[in-house]
Structures are given as C-alpha cells and as structure tokens.
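Single-structure report; data block below.
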Amino acid sequence: MGQALDYAVGLTLLLFSGYVVHFLYNFGSRDKRLPPGPPTIPVLGNAHLLVGSDLEKKFKKWAEEYGNIFSVKVGAGTLIFLNDKRTTHDLLDKRSAIYTDRAKDQQISTTFAENFALMDANSTWRAHRKIAAHFLAPKNLDASIMVIQEAETSQLMFDLLKTPEDFFGHVKRVTSSVASIVIFGFRAPTVDSWWATCVYEAIDQINLASTPGTYLPIEEFPILKYIPSFLAPSKARATTCFDTVTAIWSEARARVVARRQKGDHRESLADRIIAGELKSDQEMSVPQESNFLGTLHQGAADTTSSMILTSILHLAKHQWVQAKAQIELDRVCGDSRMPTWQDFKDLPYINCIVKEALRVKPVLPAGLPVRVSRDDYFDGYLIPKDAAIFNPPYTLHHDAKLYPDPLTYNPDRYLNHPLLATSYAGSPDYENRDHYAYGAGRRICVGIHLAERTQWRIIARLLWAFDIKPMVDEKGKEEELDTDAYEKGLLIVPKKFKVRFIPRSEKHLEVIQREFETAEAFLKKWE
Ligand code: HEM
C-alpha cells in the first residue's frame, strides 16, 4: 500500500513537473499562425530584445526583415506591427470597428484613469472624443480664436528677438499657451506662469508613472500580479500620478469657474462646457470634466513644441530650405507684414516644412498602440484578440520605397502634397497619404487641426522674421548641429542645442516690435 502511494505521488510529481517544463517552454513562444517575427526564448518570448532607447530603429529593422506585418512575443502577450500603407489602411481604417480599443495595461489604466486618449473605445471615450472633435474643428478654430493665436505668435517673435538664447522656453510657452487659450480661455504670458508650467508638471508625473520598463508587465506575465504593493513601488506611482494630475486639472477648471463668477466669460472649451452650451452625451463629474480638459492640454503641449524644435534644428542645418521658403514669404508678404493663416494657400512651402519635420522625427515614433477586440485574419495570418497593434510612424517614414533617401531632411518631397494632413488622412486614396505622425483610423489625433495650424503659423512667422543659423564658437566658426540628438521616451524631444535667430532686416525688426505692441494689449485680456 505504502509503495503504491509513493508510486502515485512520484508519478503525479513527474507529470506536474513535465507540465511545468512544457508550460514554461511554450510560454512566450510564437503560435505558428501569427505573422513572423524574431526568434523567441522560453518564458520571455522576445521581451529581452525590447530594451534600450532606440526601439523605433529596431522595429524598422524587423520590418525590413519580416515585411509588412510582423509579431513580437512578450510572455503571454502579442504585439503586431503594421509597416506599410496598405496594411495600415486595411486594418486601422477599414476594419476600425475592431481596431479602436487601447492596449490593456493595468499601470496605464490607473495612471490615466480618466484620460480618454488611453480609454477603450467605450461610450465614455465616444462622448469625450465627440465633444473634443466638435470644439477643435476648423470652423471653430478659424473663427474668433484665430486672432488670439496670431497674437501669441507675435509674442513668440518678440521673445526670440529679446532673449533668443531661451528659445526652448519660448517655444514651450507658446505651444502651451495656444492650447490653454483654446481649452481654458487663459494664456501663459511667461514661461514660468501657471498655465505654462501646469501641463509640464502633469506630463512629468505621467512619465514617472508610465514609462515602459519602469513598472511590472502584469498583462504579459500574469504571475507578477501576486507581488505585493509594498514590493512594487510602481503601483503606488500610478495612483499618486492620477491624484496629482487630477488635482492640477481640478485647479485649472476652478480658475475658469472663478473667472466666470466675476462675469468674465470667454470663448473656450471649458467655458462652453461649464455654461452648459456644449453637452457631453455622457454625464461627467467635476473631476472627470477636469481630467477631460487636461487630457487635451497634455496632448497638445509637448507634442507641438517638440515638432517646432525639430523644425528649428533641421532648418538651422539646412540653410537652403530657409532661403527657398523666404523667397515665397517675400513675394507674398513683403517686409511690411507677417504671414497669417489666410496666406496658407499662397505659401505652400511652409506646409512642406511642417510635414517634413513630422516625417523625419515623428514625436511619437512608435505611435500609440490600439488593441484588436476579436480574432482577425490578414494576409493569411492570425491577429489574435487582445493583441497590441502598433503602426510606428518611424518605420513607415523611413521606408525608402515610400520616401526615397529617407534619412535626408528635404521638404521638397512634399511639393505635391499642398493640403493639410487631415485631407490625406481622411482620403480613400491611402497610397497618397503624406505621413502617419498623427496616427490612423478612429483614434487619429483629435487635436490634428489645432496642431497643423499652430505649427504652420509658427514656422511661417519664424522664417519671415529670422535667419536661423548655428551658433558660432569664439573663432567665429559655426558649430555642428546633431539632428539625431534626442531625449527618448514615449515622446521624443530634441536635446538642448544652440542656434542664432538673426532678424532679416531693420524693417522686419520694426514689424516684430510693432506687432507685439498691438498684440500685447490684446493679449492682456486673456491673462
Ligand atoms: C504636432 C502635434 C501633435 C502630434 C504629432 C500628435 C500626435 C498624436 C498621435 C500619434 C496620437 C495617437 C493616434 C492613434 O492612436 O492612432 C494622438 C492622439 C491624441 N492627440 Fe495628438 N498630436 C499632436 C497635437 C495634439 C493637440 C494639439 C491635441 C489637443 C488639442 C492633441 C490631443 C490628442 C488626444 C486627446 C489624443 C487621443 C485621441 C484618442 O485616443 O481618441 N494632440 N496624437
């Protein structure tokens, strides 16, 4: 009897260990039906390959090796990468009904609990997106808000004249201010004013809590969820971040309420929601409303400033591009007035410059992944339910078949794309799309109209007002600019660099000063 029991226990242990070995061996392996991808190792899958700061370059290399669609395994999770125009269009545009949820991630869900950019495509997301899209539509942006946007850019030119060495701060101020005017009806007159700093404080908190590689990948390795909170400080960081960010945006909303109570009603998204003129399809609590508004400010500030700094960096290195744009600017505006949005059609080269920066250094190089909500098949491959779907702009933008000589900065490649990015993204002629820097499908950037206008205005005025040149050393020799030196994270931003902003003539200088004097008085109303 005793021997029989020993035998049974022994057999059970053997079977169990066999099962464990089999499970571990297969955990992380690639199902044969999936798109191809780099070889996996047991348990980790490809997780060990997803380290380092230049992941977008690795994704691009894998696209060259495996083609239009490849898969990456991270433990139990599957990541699918879409690498050409047809695949992107067929899945994200045409099958958007099942490619619109966001990738599952507990840390992100806690950190961004009321941020619709990271929500699944549920009724709350739809309600938030609808109201944002309505308010950020061209009709609205090109009506009363337009004057204040132009005035903000006049201040930027003046700031660059006075303290050109602080241009990083000036650019951050203006992009933040343009967004806070539209969203909250308040502006940021200086780089250290509350409306300029609040959004960057929120973004810093978010980066602390949600940078990949700094928290437990629970979805991919479910066993990690049993690690107690006191051994996983990242869990606390997510809650702290949500509370801090909510406090920032609650303060922002409270400032709008206090202003309105004094009878000062303005044309902003917050004003219209608080006044009940714009109603969400779904009731929002006060904190939810605050976080909804904050989501838009967070989406706007860093992205747009990074793109402007990218343009400044590349323009300083490519004087011929400036010269070409200035011929057009001089013909259309002369030296007695700055360009305005009404000049858009007559200044097509500025649009090319905006597009080329978005192509060469997209601020979100890997994009924001969506999640497929059921099993799907494409080109004979399985795209399994819940896989995270990446459509990395960096990969598409550096494909030599789509953009010849892709590493070279050359706005001329867009001479045949005179329209705004929205026109190409919304067109069924997907082969003619200009770039993917704003994403694709139903989750495409909801701030795209504002982003396009802000970038165009700033670049047009910068090139009208200044020659942008590299800094010179003590011997008068121009310093080399490194167009690959970027701070890397989910978003990429140029590392600090130095350039000179040289007013193009006495006449240009006078116009900058005169326009600022007019703008200053007008801008006061928005402080
Ligand atoms: C140059 C500037 C900008 C760039 C390059 C950019 C890029 C992007 C990208 C790549 C996405 C993800 C799209 C996807 O999932 O397919 C996105 C989403 C988003 N952007 Fe922008 N963006 C910019 C400016 C703005 C502005 C000005 C705002 C707000 C006024 C904004 C608000 C948002 C929001 C709320 C989302 C989430 C949309 C959703 O998930 O439904 N962005 N943006």
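Ligands are counted one by one from 1 in listed order, and the atoms in each one are counted from 1 as well. We're numbering straight along the sequence, starting at 1.
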Heavy atom to [atom], shortest distance: which of [options] holds it?
| atom | options | answer |
| --- | --- | --- |
| atom 40 (O) of ligand 1 | H449, H297, M307, R443 | R443 |
| atom 12 (C) of ligand 1 | V182, L368, T100, L491 | L368 |
| atom 10 (C) of ligand 1 | A366, A437, P369 | A437 |
| atom 28 (C) of ligand 1 | A179, G447, A451 | G447 |
| atom 35 (C) of ligand 1 | L141, T454, V446 | V446 |
| atom 37 (C) of ligand 1 | C445, A133, A117 | A117 |

- Which atoms of ligand 1 are found less than 4.0 Å from any heavy atom of G439? 10 (C), 13 (C), 16 (O)

- Looking only at distance, does R129 have an N or O less than 3.5 Å from an N or O of ligand 1? yes

- Task: Examine T295 against ligand 1 and note whether any of their N/O atoms are separated by less than 3.5 Å.
- Result: no

- Query: So which of F81, Y394, Y66 actually passes ring-ring contact (aromatic ring centres under 6.0 Å, His included) with F59?
  - Reply: F81

At what distance is the nearest protein heavy atom to [atom], and which residue and atom is it?
| atom | answer |
| --- | --- |
| atom 24 (C) of ligand 1 | T303 OG1, 3.4 Å |
| atom 1 (C) of ligand 1 | Q455 NE2, 3.4 Å |
| atom 5 (C) of ligand 1 | V363 CG1, 3.4 Å |
| atom 25 (C) of ligand 1 | G299 O, 3.3 Å |
| atom 9 (C) of ligand 1 | L364 CD1, 3.6 Å |
| atom 26 (C) of ligand 1 | A300 CA, 3.4 Å |
| atom 29 (C) of ligand 1 | L296 O, 3.4 Å |

Between [X] (side chain only) and [Y] (backbone N and O only), is there a donor and an acceptor less than 3.5 Å apart?
| X | Y | value |
| --- | --- | --- |
| R173 | A188 | yes |
| D376 | I383 | no |
| R443 | T100 | yes |

- Message: When you compare the side chains of D166 and H170, does any donor N or O come within less than 3.5 Å of an acceptor on the partner?
- Response: no

Quick one: does NZ or CZ of [X] land under 6.0 Å from the six-membered ring centre of [Y], within 45 degrees of the ring axis?
| X | Y | answer |
| --- | --- | --- |
| R102 | F116 | no |
| R237 | Y215 | no |
| R255 | W194 | yes |

- Check I353 against Y409 and note the closest heavy-atom contact, atom names and distance. CG2-OH, 3.7 Å

Less than 4.0 Å is my threshold; does some heavy atom of [X] fall inside it relative to ligand 1?
| X | value |
| --- | --- |
| R442 | no |
| A440 | yes |
| Y436 | no |

- Query: At under 4.0 Å between heavy atoms, which part of L136 makes contact with ligand 1: side chain, backbone, both or neither?
  - Reply: side chain

- D412/K324 ion pair, N-O < 4.0 Å: yes

- Item | More than 12 heavy atoms from other groups under 6.0 Å of CD on Q342 | yes

- Item | Exceeds 12 heavy-atom contacts within 6.0 angstrom, atom NZ of K488 | yes

